Amino acid sequence: MSYFETRGLAVGYNGQVLIHDIDISIEKGKILTLIGPNGAGKSTILKSITRHLQKIGGEVSIGGRDVYRWAAREMARQVAVVLTDRIRPELMTCGEVVAAGRYPYTNALGRLTAADREIVRQSLERVHALELEDRDFSTLSDGQRQRVMLARALCQEPEVIVLDEPTAYLDIRHKIELLDILREMAREKGITVVMSLHEIDLATKISDYLICVKGDAIDRFGPPEEIFAPETIDRLYGIRHGSYNLLFGSVELTRPAGPPEVFVTAGAGYGIPCYRALQKHQIPFATGILFENDVDCQVAGELSEHVVLTPAFEPIGADACRAAEDLLVRTKAVIDAGTPAGALNRPNRDLLDFARARGISVYPGWKEYLRTLS
Amino acid sequence: MKEKSGRLPVWSRFLLSTALLTALLAWGLVLNVNTGSVDIPAGEVFRLTGGALRAAGRDLLRGGNALETLISASTESRIIFSIRMPRMLLAAILGGALSVSGFLLQTFFRNPIAGPFVLGISSGAKMVVSFTIIFAARFVSQVSSALMVLSAFAGSLVITGVVLLFSQRARNMSMLLVIGIMVGYICSAVTDFFITFAKEQDIVNLTSWSMGSFSGANWSGVGATAALCLGGLAAAWLLSKPMGAYALGEGYAQSLGINIKLFRAALILLSSLLSACVTAFAGPISFVGIAVPHITRSLLGTARPALVIPACYLCGAVFCIFCDLIARTAFAPAELAIGTVTSAFGAPVVIAMMLRRQRREQ
């Protein structure tokens, strides 16, 4: 049953449409993440959902009811936000900041009842920040601030929480903590989460649904595993140099150009540090022989055009050996990344002997090789 | 729980501060009434006040003019009831109004140096007052103080209207601040233009008006300002809930269900009304509106509007009463302009506050 929906939503500023035909439909208690390059309009969409910005066309509905028809108080009880605005309240304790979330529930003078205070404490507890209740908000670190702002949103007891880049300014530990809290909220309290994130790797892991925002329409919408073909990210962000590995969420910088100068024998993850070191020095390289399921393949393919592959779970065939030898003779040196030799990858050991026989220097690691260059 | 941070709970601190301010106010009131060119002992002041209150009560019940008879009975009672008491009450009422007006605008702009006159209200008042002094005087035989009050009030309200119009279109606060300052410049330009055609005496009058003084106080003025300012104070206090939420910024305030445009308009209108009242009856008194909210917040250790607003009024009243006392007595028989004293005491306070805040943030 779809709970949070947009139909043909068009958003923009001053009547100018920026993005149109936004169709989203997710169930209660799910997490939806907007990803896309800077300036793509993620915030614009979020602001139109929260009514901070007047939508231009279409509809936003929660639980089958049109959000734009709600009175301000009803809206505040249904939807809470965590914005990118960095607030600087003067002389306010964290407890007071969180208690501001009770606004749509308190009387005309804003008096907090015992029940309200209890909700404030529960909200702080849920984000593991109860000990901050009496601290002055301005003395908090970025990680603590973000947790308190999330507690403030929770305190509003909303059905939907909208967060605009909640992980910005946070270090990796606090990012993980914050996303864990969001997941817990969604699962335990059935709160629907709509947010934007910059970290694609985290987005695929936390989200039930992803939206790729690019250009004047929604690029894709669906569960992460459905919408991500390997090149989706490179295309979405227009990455021309370097690459993004979706499986590992790792980023590789621009591949060195030119004919290979060294050959790296690798496998079992021993090759990756070596490849990255060579990339850092912009030395084009060839590598092999790698089994197709080898972890080294993930990075080798991004950083080199000359990778000799062989099918997994099979002994290395003669074709692969010949291809490796052909590449090797065109290079000036060979680096042995240190992969232990076993029954199946013995041809890699043979490649080293082959090189020595041809008078090509063999180095026992990339450090040794780079030392000869300087 | 709060003891470990070495701070008193907010409420005890509020009650303590209020008690302190009330004591200061009481002391200031007595001091103000019995000091001056003629010193009247405090006991005499109390005796006369008690008598006057009884007489007023009798007048109210049975009719008659026992009060007037009593007041004109001696020089001392004339000094107390016709000169010092209305003046001191006016200082207290307007000082509080000015402080609350400043607090409202500081909350509104989230800017610590915003004051009641940052939106150009004093410039607007001065513009119309200068027109009255320079041109209207040629047609009216004598410019009465009531006319001056009306002029200043009209000028303040015109500028408030202009700023309100813009506030509906301004997307953010800083834009509105710039508009306020620019409107102020335009008014100053018009004032300067009027001055070109002024006689020397007019310029002297205008200058003395723009430095502010409580010396023109009379009982009808006290009544009018009390009604306006205490009404404004109550209205401001009723706005303390949205004001508290507004401290988190406009984005959050809106998401809590506050109608930003309406709230903006209410805040501007209220703060303008309070400062217009001050400007009309005592001239544009500088610095009280900037300094007192700072002092109050530091004193209370909180920015909760429901507590700060009443304390701010009290603190402003105390501040102005003592400043007026200094203005009256420091160089007696010459009297200083109230603006001279408030600036001399207010400016160092603002500097000290700023330095302390900076140190705290590091």
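Protein chains get the first letters and strands the later ones, always in sequence-line order, with residue 1 at the start of each. These numbers come from a predicted model, not from an experiment.
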Please flag which part of Arg152(A) lies under 4.5 Å from any non-hydrogen atom of chain B: side chain, backbone, both or neither.
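Just the side chain, heavy atoms under 4.5 Å.
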With a 4.5 angstrom heavy-atom cut-off, could you sort out which part of Val79(A) is near chain B: side chain, backbone, both or neither?
backbone
Would you say that Met92(A) contacts Leu248(B) through its side chain, given a criterion of any heavy-atom pair below 4.5 Å between the two side chains?
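Yes, close enough: below the 4.5 Å cut-off.
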Going through the checks in order, is the side chain to side chain contact (heavy atoms under 4.5 Å, CB included) test met by Arg304(B) and Leu91(A)?
CA-CA 8 Å; Arg304(B) 253 187 243 177; Leu91(A) 294 171; over 6 Å; no
To the nearest 0.5 Å, atom OG of Ser255(B) lies from atom CE of Met75(A) at 8.5 Å
Could you tell me the separation between the OH atom of Tyr252(B) and the CG atom of Leu83(A), rounded to the nearest 0.5 Å?
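Atom-to-atom, Tyr252(B):OH and Leu83(A):CG are 4.0 Å apart.
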Surrounding CD of Glu188(A) (heavy atoms of other residues, nucleotides or ligands, distance under 6.0 Å), is the total greater than 12?
yes
So which part of Ala247(B) gets closer than 4.5 Å to some heavy atom of chain A, the side chain, the backbone, both or neither?
both
Options Glu96(A), Glu74(A), Arg73(A), ranked by heavy-atom pairs under 4.5 Å with chain B, top entry
Glu96(A)
Sequence-distant partners of Asn259(B), side chain to side chain donor-acceptor pair (under 3.5 Å), two or more places apart:
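Asn259(B) satisfies side chain to side chain donor-acceptor pair (under 3.5 Å) with no other residue.
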Considering all heavy atoms of both residues, which atom of Gln254(B) and which atom of Arg51(A) are nearest to each other, and what is their separation?
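That would be NE2-O, 3.2 Å.
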What are the two closest heavy atoms between Ala76(A) and Gly257(B), and how far apart are they?
CB-N, 3.9 Å
Tabulate, in ascending numerical order, the residues of residues 98-116 of chain A having at least one heavy atom closer than 4.5 Å to a heavy atom of chain B, or enter 'none'.
Ala100(A), Gly101(A), Tyr103(A), Pro104(A), Thr106(A), Asn107(A), Ala108(A), Leu109(A), Gly110(A)
